[in-house]
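Note: hydrogens, waters and symmetry copies are ignored here, and every other heavy atom, side chains too, is used. Since the model is a prediction, treat every value here as computed from it, not as a measurement.
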Amino acid sequence: MGEYCFDAGLYVYSGSARRHPHSRLQRHLRREKRLRWHIDYVLTNPGVEIVDVEVRGVPECQLNRLTIGTLPVRGFGASDCRSRCGSHLKYLGPTPWSGRDYIG
Ligand SMILES: [Zn+2]
């Protein structure tokens with residue numbers, strides 16, 4: 001995707017982990033890993049902090065559609081998306097988020 005300079009603020013990423021979801025989440029939480037997915041390049045940046053992880057029992061594209069926010073990078077995390085999400089990373093804004101109301 002090339003380089004991208006993200007605005008400071010809060011982002012939400014919708015991903016899937018149909019097989020071995022616990023292992024997948026543990027992998028995302030590690031800083032040291034082989035960079036494979038778009039989100040790996042973001043999460044290994046020292047300026048990025050994971051503030052919340054939620055597991056929902058719905059497909060990633062459906063969850064992504066329920067999530068508010070704007071699309072800062074077209075195609076991010078959506079290489080295999082068939083639902084025309086545009087991106088599975090959404091920008092919620094520059095201020096700290098104080099609730100769990102980013103998912104409709
Ligand atoms: Zn999608």
| field | Neighbour count >12 (heavy atoms, 6.0 Å) for atom CZ, Arg84 | value |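 Not buried by this count: 12 neighbours or fewer within 6.0 Å.
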| said: Please report the interatomic distance CD1(Ile68) to CG(Leu92), rounded to the nearest 0.5 Å. | reply: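 Going from CD1 on Ile68 over to CG on Leu92, the span is 5.5 Å.
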| query | Just how far is it from atom CD of Gln26 to atom CZ of Arg30, taken to the nearest 0.5 Å? | reply |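 These two atoms lie 8.0 Å from each other.
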Indicate the atoms forming the closest heavy-atom contact of [X] with [Y], along with that distance.
X: Ser14; Y: Thr67; answer: OG-OG1, 4.1 Å
X: Met1; Y: Arg74; answer: CE-O, 3.2 Å
X: His88; Y: Cys81; answer: NE2-SG, 3.8 Å
X: Ser87; Y: Ala78; answer: CA-CB, 4.2 Å

Test of understanding: clusters of I, L, V, M, F, W, Y form through side-chain heavy atoms closer than 4.5 Å, transitively. Do [X] and [Y] belong to the same one?
X: Leu10; Y: Leu66; result: yes
X: Val42; Y: Leu25; result: yes
X: Tyr41; Y: Val48; result: no
X: Leu35; Y: Val73; result: no
X: Tyr4; Y: Leu43; result: yes

| request: Kindly write out the residues that satisfy ring pair (Phe, Tyr, Trp, His ring centres under 6.0 Å) with Tyr13, not counting sequence neighbours, or none if the list is empty. | output: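 Counting only residues at least two positions away or on another chain, Tyr13 forms no ring pair (Phe, Tyr, Trp, His ring centres under 6.0 Å).
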| With under 30° as parallel and over 60° as perpendicular, where do the rings of Phe76 and His38 fit, or are they tilted in between? |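 Rings of Phe76 and His38: tilted, 30 to 60°.
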| query | Relative to each other, are the rings of Tyr91 and Tyr11 parallel, tilted or perpendicular (30° and 60° limits)? | reply |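 Geometry flag for Tyr11 against Tyr91: tilted rings.
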| query | Should the pair Asp40-Arg27 be classified as a salt bridge under the 4.0 Å nitrogen-to-oxygen rule? | reply |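 Here Asp40 pairs with Arg27 in a salt bridge, since their nearest N and O are under 4.0 Å apart.
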Does some side-chain heavy atom of [Y] sit less than 4.5 Å from a side-chain heavy atom of [X]?
X: Val12; Y: Leu89; value: no
X: Pro59; Y: Ser16; value: no
X: Lys33; Y: Thr44; value: yes

| side chain to side chain contact (heavy atoms under 4.5 Å, CB included) assessment of Glu60 paired with Cys85 | CA-CA 10 Å; Glu60 63 180 322; Cys85 291; over 6 Å; no
| field | Residues which pass side-chain contact (heavy atoms from CB on, under 4.5 Å) with Arg24, listed by chain and number, not counting sequence neighbours | value |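 Partners of Arg24 by the side-chain contact (heavy atoms from CB on, under 4.5 Å) criterion, ordered by chain and then number, come out as Ala17, His28, Trp37.
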